[in-house]
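Residue numbers start at 1 and run along the sequence shown. Each ligand, and each atom within it, is numbered from 1 in the order the structure gives.
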Amino acid sequence: MKPVLISGMQPTGHLHLGNYLGALKNFVNLQNSGRYECFFFVADYHSLTEHFEPEERRNYILDLVATYLAAGLDPKKSTLFLQSTTHNTELGWIFNTMTPFGELRRMTQFKDKSESDPHNINVGLFDYPVLMAADILLYNPSYVPVGEDQLQHLELTRTLARKFNTKFGKTFNEPQPLLTEVPRLMSLDDAARKMSKSRPAGCLFIDDTPDMIREKMKRAVTDSGKEVRYDPKTKQAVSNLILIYATLSGQSIKKIEKNYEGKGYGEFKRDLGELIVKFFAPFQKKKKTLLKKQVLVKRVLTRGAQKANKIGLQKLSEIKKKMGLVI
Ligand code: AMP
Ligand code: TRP
């Protein structure tokens, strides 16, 4: 049997280039490698921790599934499903009883989100990493592809797996994270901060129109000097842009530096803009078509949930037996 791999994303609006280069692009490559049994889901329950209107949430869910499909996730190769149609929350409750309060209080994402929205520090936001551990461990994967900001949550997941195994007997693998070569893409307007939806001004969204992409690239901050050279210590902004160029074009950093020898930031950024426009054009076209096929999208999710639930319910029953819940 192939090793299992699982990951998810929240349906909280359009994805930015950080989500794509740090996670989604890798989901597709890992799926296409044929080496894993892949599960990818939409973390809609996690998204309840932030404010939304129901109609907007529904659209964002459909949008994320269309994004998954248009980017290359294939329901024939991967199991795609909606978190709220599975039994993940049941395992979440069990893990709640095994997670010390203090461990959750020190989670960076909880601290950041509490600071950025002090009027909505809900218990779900606090408990978010426990549900994430359940999302993962219910399917007993060996690997979880994510961006760097999720590593702390994955560490908790591994701790919970170990704790459960010690107390109730070997039940879970301790899954390993899989990072890409861009685990932390930086903002276009401030290279000291990561690209994040909570600061849209620094984001390039993969659904942006060609003109928006060109404009954002033109305005992207650079460093002092004018050489296009990769050096994350002294040229943080330009290095971030070179990394984008390299991953989207498949060219090596050395080759890019050589091509732009004697040319300035302006020309480099203009070319990068064109490269991004070209790269995402087929994706955007495909996604537009998929968004008109809601029936197909829903069918993919229904089938995916059936498969996920078969596996999840079996695991849940094993877990409950081991805990003395089956009489
Ligand atoms: P989120 O938008 O928080 O649901 O993130 C979806 C995925 O994108 C997660 O695996 C994140 O770790 C990853 N991600 C988010 N922001 C970045 C970034 N700036 N660079 C690389 N990966 C990111
Ligand atoms: N917390 C992840 C994020 O913000 C989304 C997520 C929820 C997830 N459950 C997961 C990712 C399980 C990987 C595995 O991006």
Nitrogen or oxygen of Gly8 less than 3.5 angstrom from that of ligand 1 = no
Give a yes or no on whether a salt bridge exists between Lys287 and Asp63, defined as a side-chain N under 4.0 angstrom from a carboxylate O.
-> yes
Out of His16, Met9, Lys194, who gets a non-hydrogen atom closest to atom 16 (N) of ligand 1?
-> His16
Give a yes or no on whether Gln314 atom CD has more than 12 heavy-atom contacts from other residues, nucleotides or ligands under 6.0 Å away.
-> no
Numbered atoms of ligand 1 (with element) below 4.0 Å of Val182, judged on heavy atoms | 21 (C)
At under 4.0 Å between heavy atoms, which part of Gln83 makes contact with ligand 2: side chain, backbone, both or neither?
-> neither
Per atom 21 (C) of ligand 1, closest listed option by heavy atom (Pro183, Ser7, Cys203, Gly147) | Pro183
Got a salt bridge between Glu274 and Arg214, using NZ or NE/NH1/NH2 to carboxylate O under 4.0 Å?
-> yes
Ligand 2 and Ser7, any nitrogen or oxygen pair closer than 3.5 angstrom?
-> no
According to the interplanar angle, ranging from 0 to 90°, do the rings of Phe126 and Phe101 count as parallel (below 30°), tilted (30 to 60°) or perpendicular (above 60°)?
-> tilted
If you count the atoms of ligand 2 from 1 in the order shown, which ones are under 4.0 Å from a heavy atom of His46?
-> 7 (C), 9 (N)
Does a salt bridge link Arg184 with Asp149, judged by any charged N lying under 4.0 Å from a carboxylate O?
-> no
For atom 9 (N) of ligand 2, what's the nearest protein heavy atom and its distance?
-> Asp135 OD2, 2.7 Å
Within 6.0 angstrom of Arg162 CZ, more than 12 heavy atoms from elsewhere | yes
Distance only, no hydrogens: is a donor on one side chain within 3.5 Å (strictly under) of an acceptor on the other, for Thr234 and Asp231?
-> yes
Quick one: does ligand 1 sit under 4.0 Å from the side chain of Leu15, the backbone, both or neither, non-hydrogen atoms only?
-> neither
Lys/Arg N to Asp/Glu carboxylate O, Lys235 vs Glu227, below 4.0 Å = no
Ligand 2 versus Phe41, non-hydrogen atoms closer than 4.0 Å: side chain, backbone, both, neither?
-> side chain
closest protein heavy atom to atom 1 (N) of ligand 2 is Tyr128 OH, 2.7 Å
Cation-pi geometry met for Lys286 and Phe283 (6.0 Å, 45°) | no
Salt bridge between Glu115 and Lys111, side-chain N to carboxylate O under 4.0 Å?
-> no
Considering only heavy atoms, does Met186 approach ligand 1 within less than 4.0 Å through its side chain, its backbone, both, or neither?
-> neither
For ligand 1, indicate whether the residue Ser196 contacts it via side chain, backbone, both or neither (heavy-atom separation under 4.0 Å).
-> neither
Among Leu179, Asp149, Leu185, Asn19, which residue places a heavy atom closest to atom 11 (C) of ligand 1?
-> Asp149
Nearest protein heavy atom with distance in Å, relative to atom 11 (C) of ligand 2 | Gly8 O, 3.3 Å
Answer yes or no: does an N/O atom from Lys197 fall short of 3.5 Å to an N/O atom of ligand 1?
-> yes
